[in-house]
Amino acid sequence: MDFWGIHIETPVIAITFVMSIPLSAIIGHFYLSALKIRQGQGLEKEDIRFIKEKLAENEDLKQRVKNLEEIITDLDKTLPPSKSGS
C-alpha cells in the first residue's frame, strides 16, 4: 500500500491505528487534567497540602545541597594538592 508515495505494509498501518486509540485517550486524559488543575477544579484540599509539603521539602533539599557544595569547595581549598597527577 502506498501512503503519500511511501510503501507501507498493511500490518504496520493496522498496528498504528490500533495503538493510536489508547494513546489518544491517555493524552486526552492528561490534557483535561491539566486544564482542570489550571482552573483550580482538579485539586482537592489534600492534594494542595501534599504539593505544599513537597515544595517545602524541595526547598529544604536545595538548601542542604547548597550547604554540601560549600563544604566540598572549602575542603578543596584546604586540602594539599595531589601528588599522583604530575
Side-chain angles (χ1 to χ4, degrees):
M1 171 184 272
D2 287 338
F3 191 67
W4 288 330
I6 301 171
H7 180 72
I8 300 176
E9 297 294 324
T10 304
V12 173
I13 294 173
I15 290 171
T16 303
F17 286 146
V18 168
M19 293 308 225
S20 67
I21 294 169
L23 185 61
S24 63
I26 291 168
I27 292 171
H29 171 74
F30 282 115
Y31 178 74
L32 290 177
S33 297
L35 284 178
K36 285 182 181 180
I37 289 172
R38 282 187 179 173
Q39 295 173 354
Q41 297 174 355
L43 294 176
E44 305 276 332
K45 288 182 180 179
E46 183 178 316
D47 294 333
I48 294 171
R49 181 185 56 77
F50 178 77
I51 290 170
K52 286 181 179 179
E53 284 177 6
K54 294 304 168 188
L55 286 173
E57 184 179 324
N58 189 22
E59 289 301 319
D60 181 50
L61 290 172
K62 283 181 185 179
Q63 186 61 41
R64 292 174 75 182
V65 167
K66 184 178 177 182
N67 291 340
L68 288 171
E69 288 173 346
E70 289 176 10
I71 291 169
I72 296 298
T73 54
D74 287 343
L75 279 175
D76 284 344
K77 293 175 187 174
T78 60
L79 290 175
S82 175
K83 295 180 183 179
S84 64
S86 301

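Throughout, residue positions are numbered sequentially from 1 according to the sequence presented. Side chains are part of it too, since the values below use all heavy atoms of this structure and drop only hydrogens, waters and symmetry mates.
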> Which other residues belong to the hydrophobic cluster containing I26, where Ile, Leu, Val, Met, Phe, Trp and Tyr are joined when side-chain heavy atoms lie under 4.5 Å apart, directly or via other members?
Replying inline: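 F30, all in the cluster of I26.
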> Remaining members of I21's ILVMFWY cluster at a side-chain heavy-atom cut-off under 4.5 Å?
Replying inline: none
> Can you name the residues that form a salt bridge (Lys or Arg N to Asp or Glu O under 4.0 Å) with E69, not counting sequence neighbours?
Replying inline: none
Side chains of residues 56-65: which donor-acceptor pairs under 3.5 Å do they make with residues two or more places apart or in other chains?
| unit_1 | atom_1 | unit_2 | atom_2 | d |
| --- | --- | --- | --- | --- |
| E57 | OE1 | K54 | NZ | 3.3 |
| Q63 | NE2 | N67 | OD1 | 3.3 |

> Taking only residues two or more places apart in sequence or in another chain, which ones pass side-chain hydrogen bond (donor to acceptor under 3.5 Å, both in side chains) with E46?
Replying inline: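 Applying side-chain hydrogen bond (donor to acceptor under 3.5 Å, both in side chains) to E46 gives none.
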>> So, taking the atom named CG in L68 and the one named OG1 in T73, what distance separates them when rounded to the nearest 0.5 Å?
In response: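 Between L68 CG and T73 OG1, I get 10.5 Å after rounding to 0.5 Å.
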